[in-house]
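Written below as structure tokens is the structure these notes are about.
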Amino acid sequence: MRHFPNAGTSQSAAWCSGDRVEFAERELEVQTLRTALDECRNGAARIVLIEGAAGCGKSELIDTLAEWTDTGDEVALRAYCSPTERALPLGLMRQLTGDAPAGALPEASATPDGQPQVSAMREFQAALERLGTTTPVIISVDDVHHADSASLRYLQHIVRHCRSTRMLLVLTTPLHQEGQDAAFGTELLRSRNVRRIRLRRLSPEGCRRVAAGSHGPTPREALSGELHAISGGNPLLLRALLEEYRSAPTGTDAFRPEQGGLFGQAVLTCLRHSGPHMLDLGAALAVLGDAYTPERAGRLLGVPAFAAAQSVASLSASGILDGHRFPHPHTKTAILDQVPADVLAGLHLRTAELLHLEGESVTQIAGHLLAAAQLGRSLTAVPWAVDVLREATEDLLAHGDPVRATKALELAHELSRDEQQRADIKTRLAAVTWRVNPGRAEKHLSAPLAVLRSGRLAAERLAPLAELLTSQGRIAEAAEVMSMILSDTAASGAGTPTGTGYGRRPAEAAGTSGVRIENPGEPGGGRPAADTETSAETTAAERFLRTTVLTDETLEPVMRALRSLSYFGQPERAAVCCRELIAEAERQKAPAWQALFSSALAAVLLRLSDLHAAEEYARRALDCLPEQSSSAFIGSPTATLIRARTLMGDHAAVARQLHQPVADTLFKSTHGLSYLRARGLYLMATHQLQAALGDFLEAGRLAKSWGVDRPAVLPWRTDAADALFRLGETQRAKALVEQQFADPDARRPWVRGISLRLRAVTSDPRQQLALLNQSVDELSRSGDRVELARSLAALGRSLRAVAEPARADAVIRRAWNLARECGAESLCEEICPELGPEGGMHRRGAPEEYRSDLDTKLSDSERRVATLAASGYTNREISLKLHITVSTVEQHLTRVYRKLNITRRQDLPVDLHLAVSTAEAV
């Protein structure tokens with residue numbers, strides 16, 4: 001068995017120095033010892049055996065006996081035994097005779113073989129009896145279990161024949177330790193004169209009393225409880241802690257023992273006094289943890305199981321252990337600090353081998369393999385290690401421990417020597433690492449791609465690689481892998497692969513939904529079919545999200561379903577699902593997943609025009625990520641942050657954000673598309689039109705080349721058309737708008753709404769009103785209030801151009817109010833000049849007279865009709881929106897005119913929409 005270097009020396013004297021603390025919870029034991037002393041003085045022979053674990057005060061109690069007899073008439077004989085003197089024959093007896101008056105006791109002797117003669121022992125006993133006739137004889141032997149065998153024979157003779165001697169024999173011995181001679185222990189059991197005192201550990205109240213009675217600052221009540229927890233109620237450990245507490249800086253809220261300080265030394269002293277090789281045992285127990293059994297500990301240490309169990313009981317009695325566990329991490333740390341790294345690594349490796357042979361949990365085994373490797377132990381000679389580590393990875397992930405799962409896979413990759421296996425591990429490592437660090441996850445796929453391009457990657461490993469590349473937004477590389485899958489499928493005669501999970505194949509799915517609308521026809525037709533298909537699609541996506549468990553394998557399908565809800569019909573439902581997924585990612589301790597879903601939620605909130613919330617969740621996403629600049633993924637939340645702040649008018653913050661470095665791979669991924677668009681919108685807002693146009697066109701070029709050109713996700717054509725129109729290139733702008741109308745996504749309300757607005761501004765003024773009214777109608781259905789405000793502002797300008805100033809004012813004010821509600825200060829400033837000379841006075845709300853007048857004069861139905869009419873809607877449009885007949889609309893308007901004392905639609909108050917909205921809010 002390997003033994004550790006002897007460390008630590010007894011500090012008992014140092015800790016007991018200074019003013020003496022009264023015994024706590026030792027009153028009965030002290031009284032028993034004093035009674036025995038009094039009976040001895042009165043002529044009786046008494047034997048007291050003080051038992052207790054290391055550090056529980058045996059030596060202190062026997063020292064107290066010495067204090068009682070120092071000033072009396074007794075003859076006090078004292079001896080201290082130690083392991084180093086066990087081989088010294090009669091060493092204990094020579095200490096006793098050395099304390100006796102000169103000539104009072106004969107010198108103890110032994111035969112050449114080291115054993116005492118009976119005649120010599122009788123002579124010694126007779127001398128004790130003669131000495132006891134004149135004065136009581138007090139004999140104290142500390143740690144008698146370390147006495148040499150010859151001295152124990154003398155003591156055994158004294159115990160057997162001391163009935164008529166006025167003598168007190170006091171011995172101390174630890175619990176759960178075998179002595180040198182079992183016959184001596186048996187003799188103590190047979191003697192009627194023996195009284196046993198068992199010293200137990202202190203209770204929490206006892207610890208508090210000791211702490212309160214000691215000199216120096218008194219620990220707080222809560223800290224007294226912590227001191228008991230750390231010391232286990234062991235008086236020696238408690239005093240060490242109190243000494244460290246006294247020397248700690250004043251005002252310290254939390255206390256922890258100093259590494260290598262008094263507490264650590266006290267722990268080692270208790271170990272050494274608890275039996276041989278206890279540091280070995282402490283290290284073994286620290287390594288085994290809850291896998292401890294006496295048999296396993298014995299096999300690790302090379303001792304019988306019963307010996308290991310006995311040693312554990314000894315440490316448990318001293319408070320070093322609680323059962324087989326360490327009651328506090330500080331105790332465990334104090335022991336492990338004394339164990340050399342190579343020894344500790346060997347223990348971990350032998351434990352792993354032992355547990356593997358017994359078929360124990362792979363997670364436990366992997367933990368020991370990781371610990372051994374971390375301590376510098378080579379595992380190349382462990383043939384089963386790679387398989388165990390890979391299996392343990394899945395178990396660790398199932399129990400929400402992605403950090404250790406990642407370490408297990410990294411070690412498996414380091415140990416593997418098979419190229420295909422290493423590529424497989426790297427692919428899995430990329431998926432697992434994605435939970436914590438997207439930047440590292442992206443780097444992990446470099447090795448499998450290199451094997452792929454060398455033509456050596458096995459066919460069964462292609463699909464997982466393609467799926468992961470897609471989840472990272474690396475669509476061009478995912479398409480490369482998919483082409484190889486299709487080639488292999490064609491060569492084998494199998495059907496076309498469809499990928500896994502929700503939606504489309506990996507190379508087609510990023511940024512898209514699982515359903516496309518074919519043959520859209522003219523933009524104005526076919527809306528019911530598109531709506532039906534969208535409804536079915538979003539229902540399927542929501543059902544998938546509600547019933548799917550979030551794992552590495554389902555992550556990409558979950559994101560596809562979220563995109564389907566977000567961009568193709570139900571952003572409000574997508575927001576709810578995002579919040580649920582954020583909570584699940586937090587439960588699984590996957591910060592990068594939290595970032596992913598926070599980024600998705602930020603994008604949804606931006607689509608819903610909740611700019612402040614979008615900014616908050618985009619920042620949360622970035623805060624979840626380590627090594628932000630190394631990951632292409634940050635392009636998505638950064639893009640949302642840029643767009644939200646651009647709309648909010650915080651251009652200085654956007655400029656600072658754009659100066660931050662980005663990953664080299666950003667513009668090779670779909671995350672770069674969002675970033676390019678966001679940067680372009682900022683450049684356009686700050687009148688850098690040519691630069692903005694360049695970003696929009698580059699985003700479009702990349703989207704088309706990667707096969708992810710979806711206007712519902714990236715409307716780069718209308719963005720570029722807007723920039724071109726402002727640059728005066730109307731024809732190029734018209735061409736891009738018409739291209740967007742030709743896309744199947746043009747049937748979706750959001751895409752159709754922004755496309756109609758851009759078609760209007762590039763069309764003949766006579767067509768603009770109809771196109772802009774359609775744009776407003778579509779965007780009202782989309783939930784994007786910012787884009788709706790843009791179209792309303794454009795409609796108001798168009799109404800003013802055709803000499804309808806009253807309607808124009810109402811519509812423009814409605815646009816301004818919407819922009820303000822969203823926090824789009826930049827858009828508010830853009831609309832402000834259109835409000836007229838007195839526009840500013842209404843920015844803080846509707847005048848009180850409007851609210852009171854409308855509340856008293858108009859019914860709810862009349863207010864709704866009047867609001868829509870003031871906003872520029874026709875009677876037919878109002879009837880469709882409110883689901884009433886045109887005749888009913890006309891009747892409501894007639895009553896409104898009469899109540900407000902006006903004669904026509906153009907005379908409706910321009911602030912009617914704002915006044916009604918404010919009154920309803922109140």
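Worth saying up front: this structure is predicted, and the values here are computed from it rather than measured. Every heavy atom of this structure was used, including side-chain atoms; hydrogens, water molecules and symmetry mates were not.
With hydrogens and angles disregarded, no donor-acceptor distance shorter than 3.5 Å links the side chain of S564 to the backbone of R560. The backbone N or O of L788 lies less than 3.5 Å from no partner atom in the side chain of S791, so there is not a single donor-acceptor pair. Judged by distance alone, the side chain of E825 and the main-chain N or O of M648 form no donor-acceptor pair under 3.5 Å. D722 places no side-chain N or O within 3.5 Å of a backbone atom of T718 that could act as its donor or acceptor partner.
Residues satisfying the ring-ring contact (aromatic ring centres under 6.0 Å, His included) test with W434, not counting sequence neighbours, are F633. Under the salt bridge (Lys or Arg N to Asp or Glu O under 4.0 Å) criterion, D695 pairs with R679, sequence neighbours left out. Here F696 pairs with nothing under the ring-ring contact (aromatic ring centres under 6.0 Å, His included) rule; sequence neighbours left out. Residues passing the salt bridge (Lys or Arg N to Asp or Glu O under 4.0 Å) test with E738 are R759, sequence neighbours excluded.
For the pair T670/T470, no side-chain contact is recorded, criterion being any heavy-atom separation below 4.5 Å from C-beta on. By the 4.5 Å heavy-atom criterion applied to side chains, L625 and P438 are counted as neighbours.
With respect to the salt-bridge test (charged N to carboxylate O, under 4.0 angstrom), the residues E410 and K407 do not qualify. Look at E572 and R579 and you find no salt bridge, because none of the NZ, NE, NH1 or NH2 atoms lies under 4.0 Å from a carboxylate O. Salt bridge R453/E480: present, at least one basic N to carboxylate O contact under 4.0 Å.
Applying the side-chain hydrogen bond (donor to acceptor under 3.5 Å, both in side chains) test to residues at least two apart or on different chains, the pairs with a partner in residues 683-692 are T686-Q688.
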Using residues 590-604 as the side-chain source, report each donor-acceptor pair under 3.5 Å to any protein atom, sequence neighbours left out, with the distance given to one decimal.
{"residue": "S598", "atom": "OG", "partner": "Q594", "partner atom": "O", "Å": "2.7"}

